Structures are given as structure tokens and as C-alpha cells.
2 protein chains.
Amino acid sequence: MTSVEEPARPGERERVRDAARTQAEILDVATQEFARAGYDGARVDEIAARTRTTKRMIYYYFGGKEQLFTTVLERAYTVIREAEQELDVEHLDPVAAIRRLAEVTFDHHEQHPDFIRLVSIENIHEAHHIAASEKLGRIGSPALDVIRRILEEGRRSGLFTTDVDAVDLHAMISSFCFFRVSNRHTFGALFGRDLVDPAQRAHYRTMLGDMVIAYLTAERASD
Amino acid sequence: MTSVEEPARPGERERVRDAARTQAEILDVATQEFARAGYDGARVDEIAARTRTTKRMIYYYFGGKEQLFTTVLERAYTVIREAEQELDVEHLDPVAAIRRLAEVTFDHHEQHPDFIRLVSIENIHEAHHIAASEKLGRIGSPALDVIRRILEEGRRSGLFTTDVDAVDLHAMISSFCFFRVSNRHTFGALFGRDLVDPAQRAHYRTMLGDMVIAYLTAERASD
DNA sequence: TAGCTAACGTACTAGTTCGTACATTAGACA
DNA sequence: TGTCTAATGTACGAACTAGTACGTTAGCTA
């Protein structure tokens, strides 16, 4: 999400015109602005003002506000998918692997509140931008493949007693991680508890893992 | 959320001027419009147009767009709190009671997608309207009290092995119910699965209950 | 039934906001 | 070193949008 501020690598004197840098700078600022204010709340002029370039360039490179937002989304999703690719849990036993996966998901959500906000905003708009994006249509999810393999192994070994679909488990894990960040403000205002309080971080991280493992290893759930 | 369209109770001829009805009508339409487009995306003119009255009246009764949104939120939360008051699970054993509570929460989220959207929107705005509202500050949560009592009983009887805080359990249940509705569109677009597909409703409802019960009755989780 | 006021409608304005027409120049390359 | 184009800046316009000034009237009450 932050490709920002390459301070002119040595030997490479900062050029006045640099298409790639200008585009990256616009995307960085746009990400912040859209995440801050929502699609309609975001101001193209404001984005331009916080850039070293002008509004003209936003239209030159991205075409318009709508496409800019789509590109921001594309980049945000690409970042998270790349992080998922790093996932290295196959050497762990199924229980540890799932817990680790949950923790990595937990950490990623916490570390990218802007991404969470963008996704919330995109949902208000019924995912129209994702639908319109070719890139996002076929981006896939490495995490899902990992979950699938772990679940299979866990079931074969008899460690997991619950027969759950990978997508559903992903939804279960994501929902907790996402909600904790996305609904932080209303939840805090209504129940007087900050779900993202650093002092409670380990607590909630453990709670998530416990919950998922308990579900997967429950002795004969209802079915 | 829908006080709408009282079609002139018999004997009570529809008056041309009716303050209460006008206000309710504005609130109904405003709820839809804000939920549809977000705070900044919503148009005061559009709200007025879909009402039998005019924009003038919105300002007459509510003061402005900001206060109108706050009032919409207040009413939406009041509705959900009233639903929680109906909650009648104390006669059930702790396991059944928690499962029932989870199911009621699940049902309520499904039945009020507009409410979910409003809450998402309010979170984008960092709960500023809730913070500014006296009414919402001290609205409380009947559900929390219920959870507290069930948990206590469950622990005393030895049925629940996990020592969890009522607010945290509420967060756990809510996160799943909320995410399923709030992130329906992005999740569907990315994973090709509609979390709110009626055919899957019972499946997810059971899954939530299983998860919560598994967590509460797990044999000595990590602690 | 006369008077009064809460309830209402119309028409307008000031300010904002996305988008673009037009002009300019850095710097790659021949 | 001259040329050409991608990259850039300035200034402006058309459309929208929250909010209001001013005038009107339904219907309650005395």
C-alpha cells in the first residue's frame, strides 16, 4: 500500500518528470483519501493537492475518479494476495497450521486498516468496481488453496472432526479479523471497548485461534 | 425501520398536514437513501423527491443533512435494541440459550441489511454521529445482559469450560453475522460464493452456533 | 367563524466539484 | 544539437448540491 517516497536512489538523480513515480504518488494519496472519506466523500482536488503533481495528471493517467478508485482497489488487493503467497505453514501439523494461518490473517487486517476501509466502501457500492475490473476478477486467493490442503490433511489424520468447506472457514476467520477493525468505532462507542486496543491484541489473537481450532476439533458437532 | 404508509386508519380521514407522518416518511426514505449511497453519496434532493413533502421540510424538522443522518441512526439502533428486549432464552439450558441467541442475532442481521449498511457507513465516519448523539450514548444493550447471565450459569454448571467475557462473545457472534451481510458483495465477487444465498442460510446459521458452542465447551483451550 | 400558528411549497443562491481546453516543456533519441 | 512526444501546468466551465428567504394555508382553538 505504500510504495512511497523513493528518495532518489544514489546515482539516479531525481528527474523532474517520471511517469511511474507520479502514478505511484497519485495512487498512494488516493488510497488514503478514498479510505478516509469513502468514494463520494473523497475529493479529486484534495488528492491532487496532496501530490507533487496536479489534477490534470490524475485524468491523464487514470481517466477519472471512478477508474482511479478501481485502480486503488486493484493495488490494495494485489498487496494482500502477495502477502498470502508468503504463507509458509505446510510444514506444520494441521492444528498449528490453521492457528498460524488465522494469526497471519489477524495480523494483516490489523496492519492494513486502509485496506479494510476500502473494502467496506466497495461493499457499500455493491462491488461494482471489482465487477468492472478484469484484474480483480481472476486474482484468486493463495490462502484458500492453503486452507484446502490443511483441511484435507487434518481430516485424513483424524485431527479435525468437523467437515468444513475451505471458503466457509476463510469467511469465519476473515469475519472476526475484519469486524474487529471495520467496526472498531461503532463498537467502541456503543460498548465502551476498543477492539483494536494494543493491550488486548494478544488476547483477541488467541481467542480467534481458540475459536477456529475448537470448531474444527469439536467432538461430533451437530449434523 | 419501516413505520411507513399508515393508510389512514378507518374513521381517521387522512389529513393533508400531519407532522408525525411527514417526519416518519422522511426518516423512512432517508434510511433507504443513506443506506443505498452512503452519507456523502446520499442526496437531500433525492430524499425529498421520494417523499410526499419537500426539501424544506427536511430542514424544518431535522435541521440539516448531518442531523438527519444521526436521527436515522438513532432510530435504526432503537429498533434493534427493542428486538433484543424480546429475547426470551433464560428458561433454556446455557448451551441451548447461547445457540438461540446466536440464531436470533443471525436472523436480525439478515433481516436488516439497511441497518448493516448504515453501521458500515457510520464506521467509515469513525462513529462521529453516534458520539454526537445523546440518545445513542446511553442506549445500552439488553443482549449483553442476557449473555452475561447465560455465561455465568454455564460456567457455574460446568457446561462452559472457556472463561470468556460477555462483550467479547458478543463481538464474536456479531462479527460473523455482520460480515456475512456487510461483505456479501466483495466476498461474492472474489470467491464466487453468495454468503446470503437463501439456500445456504440454514447452513451458515448452524455453522455459527456450532462455532460458538465449540468455543465455549472446548476441553481446556490454551490459557 | 375568526384568528393564529404550525406546517408547508416555491424559487433561488452561494459554493463546490468533476472534468477539460489549451498551452508548455523535459528529456529521449536520431 | 535539433526534433518530437510523453509528461506536465493553468485556467476555466458546466453541473450539481446543501441550504435559505419569502410567501402561503390547513386546521386547531376560542
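The figures here come from the full heavy-atom set of this structure, side chains too, leaving out hydrogens, waters and symmetry mates. Please read these numbers as outputs of a predicted model, since none were measured by experiment.
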>> Is it true that, when you exclude B:Glu90 itself, more than 12 heavy atoms of the residues, nucleotides or ligands shown sit nearer than 6.0 Å to its CD?
In response: yes
>> Between P on C:dA6 and OH on B:Tyr59, what's the gap in Å once rounded to a whole number?
In response: 22 Å
>> What is the distance, to the nearest angstrom, from the NZ atom on A:Lys55 to the C1' atom on D:dG13?
In response: 11 Å
>> With a 4.0 Å cutoff (strictly under), does any side-chain N or O of A:Thr22 reach OP1 or OP2 of D:dA7?
In response: no
> Rounded to the nearest Å, what distance is computed from the CZ atom of residue B:Phe62 to the C1' atom of nucleotide D:dG19?
Replying inline: 16 Å
> Expressed in angstrom and rounded to an integer, what is the separation of B:Arg43 atom CZ from D:dT17 atom C1'?
Replying inline: 7 Å
> Starting at the 5' end of DNA chain C, which residue's closest nucleotide do you reach first, A:Arg56 or A:Asp40?
Replying inline: A:Asp40
> To the nearest 0.5 Å, what is the distance between CG (A:Asn183) and CG (A:Leu195)?
Replying inline: 8.5 Å
> When the distance from CE of A:Met57 to P of C:dC22 is rounded to whole Å, what number comes out?
Replying inline: 17 Å
> Roughly how many Å is it from CZ in B:Arg52 to P in C:dG9, rounded to a whole number?
Replying inline: 11 Å
>> Using a heavy-atom cut-off of 4.0 Å across all strands, would you classify A:Ala48 as base, sugar-phosphate, or nothing?
In response: nothing
> Quick one: B:Asp18 CG to D:dC28 C1', roughly how many Å, whole number?
Replying inline: 14 Å
>> Between C1' on D:dT20 and OH on B:Tyr60, what's the gap in Å once rounded to a whole number?
In response: 15 Å
> Looking at the side chain of B:Arg17, which of C:dT10, C:dA7, D:dA18 is the nearest nucleotide?
Replying inline: C:dA7
> Between the main-chain N or O of A:Arg17 and the side-chain N or O of A:Arg15, is there a donor-acceptor pair closer than 3.5 Å?
Replying inline: yes
> A:Thr54 has a side chain; which of C:dA7, D:dG9, C:dA26 sits nearest to it?
Replying inline: D:dG9
> Counting side-chain heavy atoms from C-beta on, which of D:dT8, D:dC28, C:dC18 comes nearest to B:Arg15?
Replying inline: D:dC28
> Is A:Thr53 near enough to D:dG9 that one of its side-chain N or O atoms lies under 4.0 angstrom from OP1 or OP2?
Replying inline: yes
>> Let me confirm one number: the CE-CE distance from B:Met211 to A:Met172, rounded to the nearest 0.5 Å.
In response: 5.5 Å
> Side-chain N or O of A:Tyr61 less than 4.0 angstrom from OP1 or OP2 on D:dT8?
Replying inline: yes
>> If you assign A:Gln23 and B:Ala42 each to the DNA chain D nucleotide with the nearest heavy atom, which residue ends up on the more 5' nucleotide?
In response: A:Gln23
>> Quick check on B:Arg100: does its CZ atom have over 12 non-hydrogen neighbours (other residues, nucleotides or ligands) under 6.0 Å away?
In response: no
